[in-house]
Amino acid sequence: MRVWAMVAVGLMAAPGAWASASAGKVCDVREFGAIGKGVDKDTAAIQKAIDTCAANKGGGVVLLTNGTYLSGPITLKSNITLSIAPNASLLGSPDRADYPKFTFARKDTVQPLVSAVNAENVTISGGGTIDGNGKIWWDYVKGVKDSGVLGTDHPRPMGILFDHCKHVKMENVTVQNSGFWQIVPYYSDDLTFHNLRITAPPSPNTDALDPFSSSHIVIDHVFSSTGDDNIAIKSGAINSPGPDAPSEYITITDCTFEHGHGLSIGSEVAGGVQHVHAERIHFKGTDNGIRIKAARDRGHDVSDITFKDIEMDGVKNAIFITEYYPSNKAPEGDVEPAPVTRLTPKFHDIHLENVHAVNSASDGIIVGLPESPVFDVTLKNVHVEGHSGMEIAYAKLTFDDVTFKAEQGDGLTVRKTAEITAK
């Protein structure tokens with residue numbers, strides 16, 4: 001595992017991927033007509049600065065300093081650094097008409113606040129803030145059924161989208177209050193997210209960071225407190241006809257997650273997810289901690305997954321690994337197997353080491369399917385204390401120094417469909 005992790009980090013640092021942008025032209029958006037008072041829209045001026053820098057050989061740096069820049073969607077180009085100073089913010093327009101129709105993941109939606117499509121060597125940095133002004137969008141979907149599904153008739157803009165991009169870096173910025181998912185790499189490769197703060201109040205579908213069919217990603221020193229997943233790794237879609245690319249070679253280190261749905265893989269993993277390593281993650285009051293989820297209509301191979309040195313306090317579900325999503329319980333009694341298809345989940349080679357959780361509402365579940373049990377799962381030095389215990393079904397696991405404690409009922413319930421080997 002550590003071999004590929006080092007390779008992934010090496011990819012981030014190699015070939016001087018961002019040198020060309022930092023060495024190019026400097027374009028202060030005020031010189032292109034931006035006001036930065038948070039009242040008049042600066043969209044055209046910001047986009048003109050980006051386009052001017054991009055036309056320069058070697059690209060350049062687009063500067064936002066000292067102000068609040070009210071803007072509709074802007075599009076970044078290759079070899080561009082968007083530098084938002086600590087005293088500056090990019091604030092999403094509150095007018096829904098400013099967000100034109102846009103296609104993402106084969107679905108109709110609206111254009112993100114910030115996007116880059118088929119671009120390379122893109123950086124967002126500077127210490128400032130990107131604020132999606134999301135309340136107008138959260139109010140827009142109150143009471144709307146399936147408003148969190150792509151393709152709805154109430155679409156909302158993502159905060160930042162990297163679509164089919166390479167060599168991307170975000171560091172030292174705050175991203176907050178997006179209308180929908182906040183940062184999304186989609187079919188992109190070689191991305192680093194370092195020293196970020198990603199926040200939203202309780203709000204619908206404000207996932208912090210969602211790698212989607214993307215690879216060679218480093219997520220390091222990220223704080224997130226949101227209304228949905230703190231991180232959600234995805235590939236493919238529900239009932240996807242395929243083909244779908246996997247998400248793979250992802251390292252997540254030294255992160256802190258507060259409000260949110262935890263560190264998730266899934267539920268939409270029709271392209272598979274492999275080679276994910278999460279280490280030194282702290283959860284405080286999230287709905288979930290470690291969560292791997294899929295169902296018969298959205299699964300594929302999920303393997304070589306490692307969680308190490310994980311601390312949780314006050315998490316509702318500490319360990320949640322299930323091929324029966326969205327249920328949060330093991331099925332009652334025996335379940336009839338279904339035919340194995342391209343979308344059948346296959347969870348295996350999953351390893352948890354040095355995981356400690358206290359004050360959980362539930363220790364969790366580990367549940368496979370009768371036609372595709374979860375297998376090759378190891379837990380080493382794992383100790384979880386909660387109100388209710390752990391349930392395991394349709395799974396093969398190995399325990400080494402493992403305890404599950406419950407205030408009510410059994411700490412560990414192992415169904416006859418499960419097999420545990422204790423060291």
Side-chain angles (χ1 to χ4, degrees), residues 4 6-27 29 46-64 71 73-84 90 102-106 111-126 128 130 158-173 175 181-196 209-220 222 233-235 243-251 271 275:
W4 70 253
M6 292 172 64
V7 171
V9 173
L11 283 169
M12 302 304 124
W18 305 284
S20 58
S22 62
K25 187 178 180 67
V26 175
C27 298
V29 297
I46 297 170
Q47 191 61 59
K48 187 175 181 180
I50 293 168
D51 295 344
T52 300
C53 264
N56 178 66
K57 184 177 181 180
V61 179
V62 176
L63 292 177
L64 277 68
S71 179
I74 59 172
T75 303
L76 301 180
K77 307 291 181 64
S78 292
N79 304 315
I80 288 295
T81 292
L82 179 64
S83 179
I84 305 173
L90 178 70
F102 186 82
T103 300
F104 169 73
R106 308 170 189 158
Q111 188 172 341
L113 177 58
V114 179
S115 60
V117 182
N118 295 312
E120 298 186 6
N121 307 330
V122 176
T123 298
I124 300 175
S125 61
I130 297 174
M158 290 173 276
I160 303 165
L161 170 66
F162 301 105
D163 185 344
H164 288 82
C165 292
K166 293 181 180 180
H167 315 314
V168 171
K169 189 172 188 177
M170 283 188 68
E171 63 178 353
N172 304 324
V173 292
V175 178
W181 303 336
Q182 305 221 52
I183 303 174
V184 182
Y186 178 70
Y187 278 82
S188 292
D189 183 71
D190 184 11
L191 308 101
T192 294
F193 301 96
H194 173 69
N195 196 26
L196 303 182
L209 213 168
D210 288 1
F212 193 125
S213 293
S214 295
S215 301
H216 301 108
I217 300 172
V218 170
I219 300 170
D220 177 66
V222 170
I233 301 170
K234 303 173 182 287
S235 66
D244 301 291
S247 284
E248 56 185 355
Y249 298 107
I250 299 172
T251 62
H275 318 306

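- A distance-only check finds no donor-acceptor pair linking the side chain of S125 to the backbone of M170 [under 3.5 Å].
- F193 is listed as a side-chain neighbour of P185, based on a closest heavy-atom distance under 4.5 Å.
- Residues K234 and W181 come closest through the heavy atom pair CE-CZ2, 4.4 Å.
- Each of V175, T81, I130 was checked for a side chain to side chain contact (heavy atoms under 4.5 Å, CB included) with I124, and the lone residue meeting it is I130.
- Between the side chains of H164 and N118, not a single donor N or O lies within less than 3.5 Å of an accepting N or O.
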Apply side chain to side chain contact (heavy atoms under 4.5 Å, CB included) to the pair L63 and V26, showing each step before the final yes or no. CA-CA 7 Å; L63 292 177; V26 175; 3.4 Å; yes

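- When all heavy atoms of C53 and I80 are compared, the pair lying nearest together is CB-CD1, 3.4 Å.
- A distance-only check finds a donor-acceptor pair linking the side chain of S188 to the backbone of Y186 [under 3.5 Å].
- The two residues P246 and S215 make their nearest non-hydrogen contact at O-OG, 4.0 Å.
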Determine, step by step, whether H167 and D190 satisfy the side chain to side chain donor-acceptor pair (under 3.5 Å) criterion, reporting the C-alpha distance in whole Å, the side-chain angles of both residues, the deciding distance to 0.1 Å, and the verdict. CA-CA 5 Å; H167 315 314; D190 184 11; 2.6 Å; yes

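- Not counting sequence neighbours, the partners of S213 by the side-chain contact (heavy atoms from CB on, under 4.5 Å) test are Y187, S235, A245.
- S83 approaches G126 most closely through the heavy-atom pair OG-CA, 4.0 Å.
- Going from atom CG of L113 over to atom CG of L161 covers 11.5 Å, rounded to the nearest 0.5 Å.
- Sorted by first and then second residue, the salt bridge (Lys or Arg N to Asp or Glu O under 4.0 Å) pairs involving residues 51-61 (not counting sequence neighbours) are D51-K77.
- Taking NE2 from H194 and CG from L196, the interatomic distance works out to 8.5 Å, rounded to the nearest 0.5 Å.
- Between the OG atom of S247 and the CG atom of D244 there is a distance of 10.5 Å, given to the nearest 0.5 Å.
- Taking the six-membered ring where the residue is Trp, H216 and Y249 present parallel rings, their angle staying beneath 30° rather than reaching 60°.
- By the side-chain contact (heavy atoms from CB on, under 4.5 Å) test, A119 pairs with S78, A116, V122, C165, sequence neighbours left out.
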Is there a side chain to side chain contact (heavy atoms under 4.5 Å, CB included) between I50 and T75? Walk through the geometry before answering. CA-CA 8 Å; I50 293 168; T75 303; over 6 Å; no

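- Looking at V114, V168, V117 one by one, the single match for side chain to side chain contact (heavy atoms under 4.5 Å, CB included) with L76 turns out to be V114.
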Go through it in stages, so that I can follow the logic: the residues are E171 and T192, the test is side chain to side chain contact (heavy atoms under 4.5 Å, CB included), and I'd like the CA-CA distance, side-chain angles, deciding distance and then a yes or no. CA-CA 8 Å; E171 63 178 353; T192 294; over 6 Å; no

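- Note that CG of L64 and CG of L90 are 6.0 Å apart. Values are rounded to the nearest 0.5 Å.
- To the nearest 0.5 angstrom, I219 atom CD1 is 7.5 Å from T251 atom OG1.
- Between atom CD1 of residue I217 and atom CD1 of residue I250 there is a gap of 4.0 Å, rounded to the nearest 0.5 Å.
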